[in-house]
Amino acid sequence: MLEISDLTHSYGAYQALGGVNLTVAEGELVCVVGPSGCGKSTLLRSIGGLLRPTGGRVLVQGRPVEKVPDDLAIVFQDYSRSLFPWMTVADNVSLPLRRRGGDRRSRAAAAVEALEQVGLPAAAGKYPWELSGGMQQRVAIARALAYKPALMLMDEPFGSVDAQTREDLEDLVLQVRRSSGMTIVLITHDIDESVYVGDRVVVLSKSPATVVGDLRVELPEPRDQIATREHPDFVHLRAEVGRLVRGMRSGEPAAAPEAEAASPEQEPAPAAPKA
Amino acid sequence: MLEISDLTHSYGAYQALGGVNLTVAEGELVCVVGPSGCGKSTLLRSIGGLLRPTGGRVLVQGRPVEKVPDDLAIVFQDYSRSLFPWMTVADNVSLPLRRRGGDRRSRAAAAVEALEQVGLPAAAGKYPWELSGGMQQRVAIARALAYKPALMLMDEPFGSVDAQTREDLEDLVLQVRRSSGMTIVLITHDIDESVYVGDRVVVLSKSPATVVGDLRVELPEPRDQIATREHPDFVHLRAEVGRLVRGMRSGEPAAAPEAEAASPEQEPAPAAPKA
Amino acid sequence: ACGSSGTDEAKPAAGGAGLEKTKLNIGVVPVPSSAPLFIAKEKGFFKAEGLEISTETIQAPQPVMPKILNGGIDAFLTSYVSLITITDSGMAKLKMLAESQQGAPGVNGVVVTKDSPIKEPKDLKGKKIAVNTVKALGEVTVSAQLKIHGLAPSDVTFVPVPFADQLTQLKAGTVDAAWLTEPYISAAQKDLGARLLIDTLSGPTENLPLDGWATTADWITKYPKTAAAFQRAIGKAQQIAATDRQELNKVIPTFTQIPAEAASTMAIGTFSTSLNATRIQRVADLLNEFQITKNKIDATTLVAAPSQ
Amino acid sequence: MKTIVSRIAWLWILPVVLVAWEVSTRAAQAVYFPPPSVILARLHELWFSGPAAHVFLTDEAAHHLLPSLGRLVVGWAGACLVAIAAGVALGRSAVLCDVFSPLIHFFRSVPPPLLIPIFMTMTGIGTPLQLTAIVFGVSWPVLLNSLDGARYVDRQYLETCEVFGISRFRRLTRVILPAASPKIFAGLRISVALALIMMILSEFIGSTEGIGYRMLVAQSELDVPTMWTAIVLLGILGFVLNAAFLRFERHVLTWHRGARKTD
Amino acid sequence: MTNARRTLRGVLGVAGFLLVMEALGRTGIIDPYLIPLASTILTGAARLLANGEFLSQVGVTLSSCAIGLLLAAAVAVPLGTAMGTVPAVERSLRPLVEFLRPIPSLALLPLAMFLFLSGEQGKIALIVYTSCWPLLINTLYGLRDVDPLAKETLRSFGFGSYDVVRLVSLPSAAPFITTGVRIAASVALIVAVSVELVAGGDGIGVFVTQAASGNRRDVVLAATLWTGIIGLLVNSLLAKAESRLFRWHRARAGEEAL
Ligand SMILES: Nc1ncnc2c1ncn2[C@@H]1O[C@H](COP(=O)(O)OP(=O)(O)OP(=O)(O)O)[C@@H](O)[C@H]1O
Ligand SMILES: Nc1ncnc2c1ncn2[C@@H]1O[C@H](COP(=O)(O)OP(=O)(O)OP(=O)(O)O)[C@@H](O)[C@H]1O
Ligand SMILES: [Mg+2]
Ligand SMILES: [Mg+2]
């Protein structure tokens, strides 16, 4: 689905990405974690074709990314700016559905359904600026989910919602992924979350970012908020990711032997669980 | 320091706050948690004088809030829109310092120091739009910290940073509070965080929001990321808050007897720990 | 989009004996000189010739030259000064179809305020004189008058100010004197107690022909019969205008906004009934003398043979 | 070197238009449309064939061009200052805005040719009149755009100011003006060209010198090539002034381009 | 309710202005012969309302303005959009636009009249020419001010540039463009009247010419007053439409002065 090799990007003189290698299989859900400002959003924008990287290659479904790949959705980190203030929430959600065809009625129905899924059944007729931060973020998620893309990129999608809603949304993403088989790259700061939702957790070093860890999560499916989090493997993986992230923060070089060992970067990505 | 009685607010026909009562003593750090969209930001804006509530009273230092109280700082939830894109990061941080007097040089030094504290020593000369989301959020925190207000309101200030940075920032806030004695109201979605940093945790019901829980956190000072979180009281409190928030989410009325018992709303707030 | 076709091409009209063109659009200036046209219209002289006349308000021919060239306007009221300047520019060959007014005492003049220090024409040296447009009748006739008093045109400054605003400028003192025409002269005397310092249609400029109805030479060649019919109709009206002041008093308020009372008391030039090339030559010579035209224009080329 | 070449390359449209213009006017032979070559020859003869000591300006140019330009610059600068100050004040005060906006919208709809005579009674003839006319005519777009810009500043910017107790003056200079600057600059850009137009209009009445006066004379003499030289001169002036303006704008709005660029 | 208050303030402003002018005239600080008393001009203006000739001329001017404005918008907004979205177009056309913009419509008047057989068409052509520029510039700047993240959002869903322009850039630039429309509307009125003053034909300007040649300065000023009032009315109509259409814009911005 997605192959990234030696991807570098510099903003002027400042190098944000320092050669990222990553392969994501069809249907896989990969979580990306890394210190703040390391280049996660930059990586996501490169995959999404919104940024022309200064070096390296990104292939989506075998084709190099030159413009925005087909059948893609992004939930932006700065969700409030990505909602259109002149449209109601329902219009915001149904807007991308125009590309899917279908009549106005069915688009509206899909939008309302997506809004219900994220727990906002009553917000359809409101404007984004009438919503709280967390509600706006959920609208952005609903928009991406309703679109049912083949590849979904999510940049800290649950950062502004309360713990309970966050768990619900995590489960929602897992469920949608299972039912529609989409491939998901999800950036998060929550290590627990990355282990809970991810098939794999990729750890980036601070910038210039490289992959310093790539862990397979092999927890029993379907995941469950209580059972999974109590699973000994979960606790172990969480500690492992935590160590990797912390190691980066404390300034160890990107190619620290310990990290290298834990990240079989060059290995082909393991087969994804099929929906 | 802060007395809120029977505070209500409606946006048009929609009631967001349904009679909030809350007292915060000088030097206290109160965490506010509650479901997404319940009215936390609305409460904060009312305290900050940015919103004229439709009913009830807010007193800051004994005076009713009519305009923005003196000596106040807010870290907005939508941090990216509160940084001025036409100023460098250093200028953004030092702009409010004029009120504190001092010459240009000392203001610049204070700005740089604050930026160092939040882990952005190199960002001073950049523009906000050249920074990652988490970095922007930290600039907003640095601005508020450098200002050293008597009352600081923080709306999910650590939502966009990685786990490690988050812990550092939590400790930074605790340390600044201790050294300057400021009063802080902090909104968060992270229950662990609320217990870790707060002297009290206030739980709001879903909207129309009322206070359904007001728990004193009596953990040994100074707090420590590892020791405190392993403390049995911490684990207990965390579960307690979690239960309250969850209880609200599952639709129990705001005045559920159980919740009521745990929230001695009408009691005068306990004396704050002195810096 | 630019063409030279007229509005309605020749078709034998009911009343007109084989006129090339029966519908004419005439550019009129809302001043007394246009009166004969309206008299002719009212009395049915045009209809009798088989002509149908529509009018369009203009200020001077220069700005509407394009319309004249492309046929939007068939004939128009113009001063001889404009006629000659346009001919001099080489842009178009114009010819006078019929003359309207000829100078008479009190019709044009330089006025100053009641208590102005300018007591006689030679006090104008170094002063600002308002004229309605630059390089036109005002400049020429004032220059001709100044010459008698030993002043050159360069001794004064001519400032373009529309007639309607000259009285206030005079009162405000922004100009020292104003070259006015009727009905403004009467108004200046009435409102400001102004003095007529020079009658600019006296002495060297006495009886100077002022204006008339003109068209392009091409137009006359193309529509000779129509031109003649127009001349006949306007000629009859000129006759009335020349002899019957009552008729003028009646018609002027209908196409201008000059109130009836002002119309009946203001000075009006002589409405002439012939086209006289020698008289016109005086205008051309004056224009040339004061370097408003570059070439010496032969007046005989400016008149269309009067019809009988 | 390369930047100069690439910059000039963007002017490709000028020769294309010039050639098309020349060809079509030669073909059409219309009196009102002399070919550009004739106009340029006339332009050179009339304004720029003077002695080298006078930077090749003819006496005619010194007499008509320089005073016009002087008034243009002073008038434009004055108008911008007045209009930005007034616009921001009105934009930030609902009361002032409500009280004055009918008068503003009234006066900006009155054709300047009708008002210039009234100004003239107050200013007399000459430079003060032209300056008044330029300031009057040029102010409106700047005023309107500054008013809108200052009025619709992102609420959170203002709230941030308020929260941090930023003084009124600094709020104005450091926040409101920069936030409104994209709109203000749109107004300024409109006004640069408008100032040239008002410069001409103001010289049509009550003036004895200037490009507008010269144009008036050419119109009354039906001297078409000279009329065109004035038109071309205005175009060139507009082009040059605008280029200078864009340079200034680029300098001031760097942040805006950075913050608003997409890859 | 707030609307009523705003109107009331506006009325107070106008009334205050008129009173000051009247007082200045009556006390002789301003010579009433130079600028007639406000009351004189107002009565004159009221009298014009009963003047059928004047009303029909107003109709002519207004319809030319409306047609001209519509045509200008039809030309300038798409052109501005093209220039604002495709940098190559902007840089190529800029020299031409900047050359044409400062040429006053009155200077082009003879040319317009030569090109268009009917005076009315020539007038409309000049209105289009002149009111294009504010529309074009404001469209250009409005498009430049669109939040890049909004555009990227749409692009990320696979929409092409055309859709990005249609669904994001234009709506988000719309408040900017309508400011341009309001500027252009008064420019159109000014051009229409000025052209009529010089070139004749029909319209308010011609009415003024006639009044002026009859030395009816009172009528000239009354008609001048009416052009201003018409501009004011047109502006308030546009402003009303604007505030209805762009509620979102006001909601996001701190419109209430603090
Ligand atoms: N437009 C830009 N111009 C210059 N530098 C930029 C720009 N955008 C990002 N950067 C820099 O690139 C680096 C990586 O930014 P990016 O947004 O990818 O980080 P991130 O990993 O998403 O961080 P966060 O978790 O805080 O969102 C940062 O150091 C930032 O300062
Ligand atoms: N400007 C507004 N107009 C109308 N309704 C609004 C407005 N702002 C907020 N609301 C509504 O008020 C409620 C409370 O909003 P608020 O922003 O206070 O929530 P919050 O507790 O901060 O939520 P979150 O944690 O998601 O940020 C929400 O339901 C929201 O829809
Ligand atoms: Mg990011
Ligand atoms: Mg909130």
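The sequence lines fix the lettering, A, B, ..., with proteins before strands; numbering per chain opens at 1. We use all heavy atoms of the structure for the numbers below, so side chains are in, but hydrogens, waters and symmetry mates are not.
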Task: Segment of L136(E) engaging chain D (4.5 angstrom heavy-atom cut-off) - done: neither
Open item on the list: Does any backbone or side-chain atom of F107(D) lie under 4.5 Å from a heavy atom of chain E? Answer side chain, backbone, both or neither.
Closed with: side chain
Task: Under 4.5 Å from a heavy atom of chain D, the part of L225(E) involved - done: both
Task: Test side-chain contact (heavy atoms from CB on, under 4.5 Å) applied to N138(E) and I190(D), step by step - done: CA-CA 8 Å; N138(E) 265 44; I190(D) 294 175; 3.5 Å; yes
Task: 4.5 Å side-chain heavy-atom contact, P102(E) and L237(D) - done: no
- [ ] Tell me, out of T130(E), L189(E), V193(E), T179(E), who's got the most heavy-atom pairs with chain D below 4.5 Å.
- [x] T179(E)
Task: Selection from W226(E), W133(E), F176(E) maximising heavy-atom pairs under 4.5 Å formed with chain D - done: F176(E)
Open item on the list: Return the CZ to CD1 distance between F119(D) and I35(E), rounded to the nearest 0.5 Å.
Closed with: 9.0 Å
- [ ] Would you mind checking which part of Y157(D) comes under 4.5 Å of any heavy atom in chain E, side chain (CB onward), backbone (N, CA, C, O), both or neither?
- [x] neither
Open item on the list: Less than 4.5 Å to any heavy atom of chain E: does that hold for the side chain of L241(D), its backbone, both, or neither?
Closed with: neither
Task: Under 4.5 Å from a heavy atom of chain D, the part of V208(E) involved - done: side chain
Open item on the list: Is L246(D) close to chain E through its backbone or its side chain, or both, or neither, when contacts mean heavy atoms under 4.5 Å?
Closed with: side chain
Task: Nearest heavy-atom neighbours spanning S109(D) and G231(E) - done: OG-CA, 3.1 Å
Open item on the list: What I'd like to find out is whether the side chain of I190(E) reaches to under 4.5 Å of the side chain of P112(D), using heavy atoms alone.
Closed with: yes
TODO: Supply the atom-to-atom distance W228(D) CH2 to I103(E) CD1, rounded to the nearest 0.5 angstrom.
DONE: 7.5 Å
Task: chain E contacts, top residue of M215(D), R189(D), M122(D) (heavy-atom pairs, under 4.5 Å) - done: R189(D)
Task: Proximity breakdown for A192(E) and chain D, heavy-atom pairs closer than 4.5 Å - done: neither
Task: V224(D), part contacting chain E, at a heavy-atom distance under 4.5 Å - done: neither
Task: Which of L103(D), L196(D), T121(D) touches chain E most, by non-hydrogen pairs under 4.5 Å - done: L103(D)
Open item on the list: Could you tell me if K183(D) sits above the aromatic ring of Y141(E), with its cationic atom closer than 6.0 Å to the ring centre and no more than 45 degrees from the axis?
Closed with: no
- [ ] Examine whether an atom of I236(D) lies under 4.5 Å from a heavy atom of chain E, and if so say whether it belongs to the side chain, the backbone or both; otherwise answer neither.
- [x] both
TODO: Please determine, among L115(D), L147(D), D148(D), the option with the most heavy-atom pairs under 4.5 Å with chain E.
DONE: D148(D)
Task: Which of C97(D), A230(D), P182(D), G149(D) touches chain E most, by non-hydrogen pairs under 4.5 Å - done: P182(D)
TODO: Go through the atoms of I231(D) and report whether side chain, backbone, both or neither lie under 4.5 Å from a heavy atom of chain E.
DONE: both
Open item on the list: Among L201(D), L234(D), L233(D), which residue has the highest count of heavy-atom pairs closer than 4.5 Å to chain E?
Closed with: L234(D)
Task: Inter-residue atom distance I104(D).CD1 - N235(E).CG, 0.5 Å rounding - done: 10.0 Å
Task: V97(E) and N242(D), any side-chain heavy atoms less than 4.5 Å apart - done: no
Task: CZ-CZ distance between R9(E) and F100(D), expressed to the nearest 0.5 angstrom - done: 12.5 Å
TODO: Indicate yes or no: does R151(D) engage E242(E) in a salt bridge with an N to O separation below 4.0 Å.
DONE: no
Task: Leading residue by heavy atom contact count with chain E [cutoff under 4.5 Å; candidates V17(D), L194(D), V95(D)] - done: V95(D)
Task: L12(E), part contacting chain D, at a heavy-atom distance under 4.5 Å - done: neither
Open item on the list: Could you report the tightest heavy-atom contact between P102(D) and V14(E), atom names first, then the distance?
Closed with: CB-CG2, 3.7 Å
Task: F106(D)-F17(E) aromatic ring centre distance below 6.0 Å - done: no
Task: 4.5 Å side-chain heavy-atom contact, F245(D) and E98(E) - done: no
Task: Residue part contacting chain E, namely of P113(D), when any heavy atom lies under 4.5 Å - done: side chain
Task: S105(E) side, atom OG; I200(D) side, atom CD1 - distance, nearest 0.5 Å - done: 11.5 Å
Task: Spacing of R101(E) atom CZ and I197(D) atom CD1 [to the nearest 0.5 Å] - done: 8.5 Å
